[in-house]
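Contents: one structure, followed by commentary.
Excluded from the calculations below are hydrogen atoms, water molecules and symmetry mates; all remaining heavy atoms, backbone and side chain alike, are included.
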Amino acid sequence: MKYTNILLTVFAASSLWANAQTTQTQAQPTQSESRTQPIELPNVIIEGKEQINVQSGVKQFPDRPTKLTGADIDSINPPQKLRALLLPTKTMPTELIDKTYKKGYLRADIGNYLTANVAAGYETSSREYSFLGKGWLNYSDGHVKDADYAGGGVDLKLLYIAPKKFWIFGGSKTTGNVAFGLNSYNMYGMDSVIARDAMTLNLSVKSEGEYSGYDFLTGAGFRTFGLDHGDKDGSDNKFNAFLKLKTLFDRVEVNALADIELHGIGDNSTNFFEIGAGAKFLLDEMTFDINGVFQSVGSTDNIQRANVKLDAGFDYRISPDFTAKVKLLTGFDNQQLYDLWQYNRYLNNTPTIDFSYDKAITAYLQYHPTQIIMASAGLKLSAIDRFKYFVPDSLNIFDLKYSDADAMAIFAKASIDLTEIDMLYGEIQYENRTLSDSNDSKVPYIPAFKAEIAYDRKWTEKLGTHIEVEYAGKRYADVENEIELDSFIFLNFGVDYELQQNLKIFGRLENLLNSEIYKWNNYKEREIYISAGLLWQF
């Protein structure tokens, strides 16, 4: 078509020039005549076989935007990740908070109560391989008698990008992980103090890639967890394997999954099986997704249960600034001994493990006029069969109990970048959670009212500060609601300063109001804590 157009243009120009020459030789018009008489052009007939293939009337839909990666999402989230209000603060940290580091880092700090923490990590790559390793150590003499602790661990990851020549797995990312952790601490709330050692070893491999239009994620793992408690040990040995598939048909995203998890809990065992599928419908102003999963679970009491997990959601984009969301969820909740220990380190190490069945509906409204202003507020109603909660026994060891429970929660949170150097984050929640089997008494250790607010400011290119305030209302320590734990305010302040490129010093002050805090009855949290340290990146 390109060359045809050129030839036709040359032909037309030649014809015009020849005609002009002929006319000029036949009669030479005067200057006035040439101004008044029109120029007659010869008839030109253009012939050809080329056709313009334009489908008029066919609507062309724009390509869907590329989905944000985890790194992209993190880049628009608040840089300071706050503690989840739904869980108590861990008394003894076991690992470094994930941050964006260079290839290597060394972080160390020291504080009162003879408390010291050291963490280091390094990353290196060679062709299709990448290696990431980190390790940490911590020690404290304790804020009260017998509250001393020590711990450490390593976490090693090997990433491998498979060449295209491998069938199915060509181009996929495979990650192998080995992690080991050890924590030693005391049950200092007991009259006769007992020392505990918690050991965790985790081995896993997973592969993520795409084959013939299907995204897949598959893997398997083994984890052993031991809780040495004097002459009474507890353990949780887990094996799991899973496969997840996802693909897109026009405006429908289809997924499927299969998951198997087997646990050895002391001398008993549990199992957790899932298999199901779902779809997400991407409409112009709405998104609707529904997933149906068959679940089968077995408790340490050899009770096998089965049900269908329903996970459905509906999003409606009211305007560019507002989105309404509704979510419905029913299904078994998988919490094993290791998960419960992370929540409460003073629990009975040989509990009965069963599975809660949740039925919940959540509705909320999101406000997102820009990437620097985001807020949401909503309501959640739930009813739970075999809800898990803790109560202390006569020795101040926390037994795991089960009871049906109902809950109503109202929540709101917001994140605002006030300026390029100021960020404000806040969260508030009111929750009324009651035990149906105990005359609607309040669930122990869950406050009705919780709030948290944090403010970050970058004063100069080298100096930054962080302030956070957490409030928790009164709670009960027993099912009868006779033992009451006071509300508290937890005020923290942090500062960091860049001495030179890749080298920072920092300081942190915790519990500045010296509040008397009991997350768990008879186990007092530390009072004012002051620490200072450095971060070297290389």
Side-chain angles (χ1 to χ4, degrees), residues 86-87 196 198-202 204 220-229 232-242 257-276 291-311 329-360 382-393 395 397-407 433-438 441 443-446 479 520:
L86 299 181
L87 298 178
R196 272 190 170 180
M199 185 275 295
T200 306
L201 174 64
N202 187 74
S204 65
F222 171 78
R223 185 191 65 213
T224 180
F225 169 71
L227 193 58
D228 185 355
H229 179 94
K232 192 177 183 182
D233 296 340
S235 62
D236 180 358
N237 299 312
K238 180 187 81 168
F239 168 79
N240 73 295
F242 64 92
L257 70 88
D259 191 359
I260 177 173
E261 192 170 303
L262 305 174
H263 286 258
I265 309 292
D267 297 329
N268 301 305
S269 63
T270 67
N271 59 74
F272 186 88
F273 299 94
E274 285 187 328
I275 184 169
N291 300 276
V293 180
F294 173 77
Q295 294 180 313
S296 178
V297 299
S299 69
T300 53
D301 287 339
N302 296 320
I303 299 176
Q304 196 74 28
R305 296 184 176 91
N307 217 317
V308 175
K309 176 182 178 180
L310 177 64
D311 186 353
L329 175 65
T330 66
F332 289 111
D333 179 38
N334 187 14
Q335 282 188 315
Q336 304 284 342
L337 177 61
Y338 176 76
D339 309 299
L340 297 168
W341 172 79
Q342 288 190 310
Y343 179 73
N344 182 355
R345 301 201 172 189
Y346 312 110
L347 83 167
N348 186 327
N349 60 340
T350 57
T352 297
I353 302 297
D354 206 342
F355 297 86
S356 301
Y357 188 78
D358 300 351
K359 295 159 286 184
S382 60
I384 305 174
D385 301 335
R386 298 176 300 280
F387 174 73
K388 299 181 180 70
Y389 64 96
F390 290 101
V391 292
D393 61 14
L395 299 176
I397 299 175
F398 286 83
D399 288 331
L400 181 64
K401 301 293 185 179
Y402 295 87
S403 175
D404 293 345
D406 299 311
R433 189 179 290 271
T434 59
L435 299 174
S436 305
D437 300 342
S438 302
S441 60
V443 176
Y445 298 100
I446 296 182
V479 176
W520 303 104

**Item:** Between Phe398 and Tyr346, ring centroids under 6.0 Å
**Value:**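 Not close enough - the centres of the two rings lie 6.0 Å or further apart.
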
**Message:** Taking the ring centre of each residue, are Phe225 and Tyr338 less than 6.0 Å apart?
**Reply:**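 Phe225 vs Tyr338: aromatic centres under 6.0 Å.
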
**Request:** Could you check Glu274 against Asn334 for side-chain hydrogen bond (donor to acceptor under 3.5 Å, both in side chains), going step by step and ending with a plain yes or no?
**Result:** CA-CA 11 Å; Glu274 285 187 328; Asn334 187 14; over 6 Å; no

Could you tell me whether the side chains of [X] and [Y] share a donor-acceptor contact shorter than 3.5 Å?
X	Y	value
Thr330	Asp358	no
Gln335	Ser356	no
His263	Asn237	no

**Message:** Quick one, Phe273 with Leu262, criterion side chain to side chain contact (heavy atoms under 4.5 Å, CB included). Give me CA distance, side-chain angles, the key distance, then yes/no.
**Reply:** CA-CA 9 Å; Phe273 299 94; Leu262 305 174; 4.0 Å; yes

Can you tell me how far the [atom1] atom of [X] sits from the [atom2] atom of [Y], to the nearest 0.5 Å?
X	Y	atom1	atom2	value
Thr350	His229	OG1	NE2	9.0 Å
Asn240	Asp259	CG	CG	6.5 Å
Asp339	Lys238	CG	NZ	7.5 Å
Asp399	Asn348	CG	CG	5.0 Å
Ser235	Leu337	OG	CG	7.5 Å
Asp385	Asp354	CG	CG	10.5 Å

For [X], I'd like to know if atom [atom1] has over 12 heavy atoms of other residues, nucleotides or ligands within 6.0 Å.
X	atom1	value
Lys359	NZ	yes
Asp267	CG	no
Leu395	CG	yes

**Request:** Assess whether side chain to side chain contact (heavy atoms under 4.5 Å, CB included) is satisfied between Gln295 and Val308, documenting all intermediate values.
**Result:** CA-CA 6 Å; Gln295 294 180 313; Val308 175; over 6 Å; no

**Asked** With no hydrogens and no angle check, is any side-chain donor or acceptor of Asn271 less than 3.5 Å from a backbone partner on Gly298?
**Response**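 Checking the backbone N and O of Gly298 against the side chain of Asn271, a donor-acceptor pair under 3.5 Å is found.
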
**Request:** State whether the side chain of Thr270 and the backbone N or O of Ser299 hold a donor-acceptor pair below 3.5 Å, judged by distance alone.
**Result:**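 Not a single qualifying donor-acceptor pair exists.
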
**Message:** Which heavy atom of Ala405 sits nearest to which heavy atom of Phe387, and what is that distance?
**Reply:**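 Residues Ala405 and Phe387, closest heavy atoms: CB-CB, 3.8 Å.
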
**Asked** Does a side-chain heavy-atom distance below 4.5 Å link Phe272 with Phe332?
**Response**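 A side-chain contact exists here, since the closest heavy-atom pair is under 4.5 Å.
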
**Geometric cation-pi criterion Arg386 and Phe355, 6.0 Å radius, 45° cone** =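 No.
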
**Message:** Under the side-chain contact (heavy atoms from CB on, under 4.5 Å) test against Ser403, which residue among Val479, Val443, Leu435 passes?
**Reply:**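 Among the candidates, only Leu435 passes.
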
**Message:** Is the ring pair Trp520/Tyr343 parallel, tilted or perpendicular, if the boundaries are 30 and 60 degrees?
**Reply:**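 It falls in the perpendicular class, over 60°.
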
**Prompt:** Please walk me through it: do Ile384 and Arg433 pass side chain to side chain contact (heavy atoms under 4.5 Å, CB included)?
**Reply:** CA-CA 10 Å; Ile384 305 174; Arg433 189 179 290 271; 3.4 Å; yes

**Request:** Begin with the C-alpha distance, continue with both residues' side-chain angles, and end with the deciding distance and a verdict on side chain to side chain contact (heavy atoms under 4.5 Å, CB included) for Arg223 and Thr200.
**Result:** CA-CA 7 Å; Arg223 185 191 65 213; Thr200 306; 4.2 Å; yes

